[in-house]
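In what follows, chains carry the letters A, B, and so on, assigned in the order in which the sequence lines appear, proteins first and then strands, with residues in each chain numbered from 1.
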Amino acid sequence: MLRHAIGFIETVGTNPSIQAADAMCKAAGVSLVDVIEIGSGYVTMIIEGDVGSVKAAVDAGAEAANETGELVSAHVIAQPHEDLMSSMLGA
Amino acid sequence: MATIPAVGMVETRGLVALFEATDAMLKAASVEMLGWRRVGKGLVTTFVSGDVAAVKSAVTAAESAAAKVGEVVGVHIIPRPHDELTMLYPTRGAGKRSQK
């Protein structure tokens, strides 16, 4: 079973996060898993899909977020541990 | 007397670094992930438990992995936590999906 890669975009503020989410969801082969706010305006979006699509989506999302606000970080975990998502998101 | 498992905590600013830290911990050693907590100001902490050696190697791996991605605020290990500390440990998962 090809394990899904996980992509993250973390922004400060809602506007860049929505722009980034829009850009990421338009990339094929990824799905938006969760959106988590952790204070200080940090908004973290988590997407899942195959490695190539996730990388492309995160790059597109980072660019969109950068143009419209503050991008905290954009990151892809290509081979996540199988319990990572369940332990972090309670899925 | 049952040995109380050691507890390791990694606190980062930003959730992406925390995911990286947790991923590194789960891969580095056989530790059990208790959950994570957010305390505002963008600080989030992940809790793992297991035997002292596993927790130690997991936490050191997490610290270096998370530092590459974001800011690690603090790292701490309690070899023999008091049993009343359990109320401090988070419930599993604090994301939106789990709150639905």
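- Only the side chain of A:Ile77 comes within less than 4.5 Å of a heavy atom in chain B; its backbone stays farther off.
- Residue B:Thr22 holds its OG1 atom at 4.0 Å from CE of A:Met88, rounded to the nearest 0.5 Å.
- Atom CH2 in B:Trp36 sits 7.5 Å away from atom CG in A:Leu89 (nearest 0.5 Å).
- There is no path of hydrophobic side-chain contacts, each under 4.5 Å, that joins B:Met9 to B:Val39.
- B:Met25 contributes atom CE, which lies 9.5 Å from atom OG of A:Ser87 (distance to the nearest 0.5 angstrom).
- A donor-acceptor distance shorter than 3.5 angstrom exists from the side chain of B:Asp23 to the backbone of A:His81, with no hydrogens or angles considered.
- Counting non-hydrogen atoms of neighbouring residues, nucleotides and ligands closer than 6.0 angstrom, the CD atom of A:Glu63 reaches no more than 12 such neighbours.
- With a 4.5 Å cut-off on non-hydrogen atoms, A:Ile46 touches chain B through its side chain but not through its backbone.
- For B:Arg38 (side chain) and A:Glu37 (main-chain N/O), a donor-acceptor pair under 3.5 Å exists by modelled atom type.
- Here B:Leu15 contributes atom CG and A:Phe8 contributes atom CZ; the two are 7.5 Å apart, rounded to the nearest 0.5 Å.
- Shown here for B:Leu26 and A:Asp83, the closest heavy-atom pair between the two residues is CD1-C, 4.1 Å.
- Counting only distance, with no hydrogens or angles, the side chain of A:Glu10 and the backbone of B:Gly14 share no donor-acceptor pair below 3.5 Å.
- A:Ser40 contributes atom OG, which lies 7.0 Å from atom CZ of B:Arg13 (distance to the nearest 0.5 angstrom).
- Connection of B:Ile77 to B:Val10 is established within a shared hydrophobic cluster, with ILVMFWY side chains joined at heavy-atom distances below 4.5 Å, either directly or through further cluster members.
- Rounded to the nearest 0.5 angstrom, B:Glu71 CD and A:Ser73 OG are separated by 11.5 Å.
- Both B:Val69 and B:Met33 belong to a common hydrophobic cluster when Ile, Leu, Val, Met, Phe, Trp and Tyr are linked at side-chain heavy-atom distances under 4.5 angstrom.
- Cluster annotation: A:Tyr42 is not connected to B:Val73 through the hydrophobic network of ILVMFWY side chains, with a link wherever side-chain heavy atoms come within less than 4.5 Å.
- Within the 4.5 Å cutoff, the side chain of B:Phe19 has heavy atoms near those of the A:Met85 side chain.
- The two residues B:Val44 and A:Ile38 come nearest to each other via the heavy atoms CG1-CG2, 3.7 Å.
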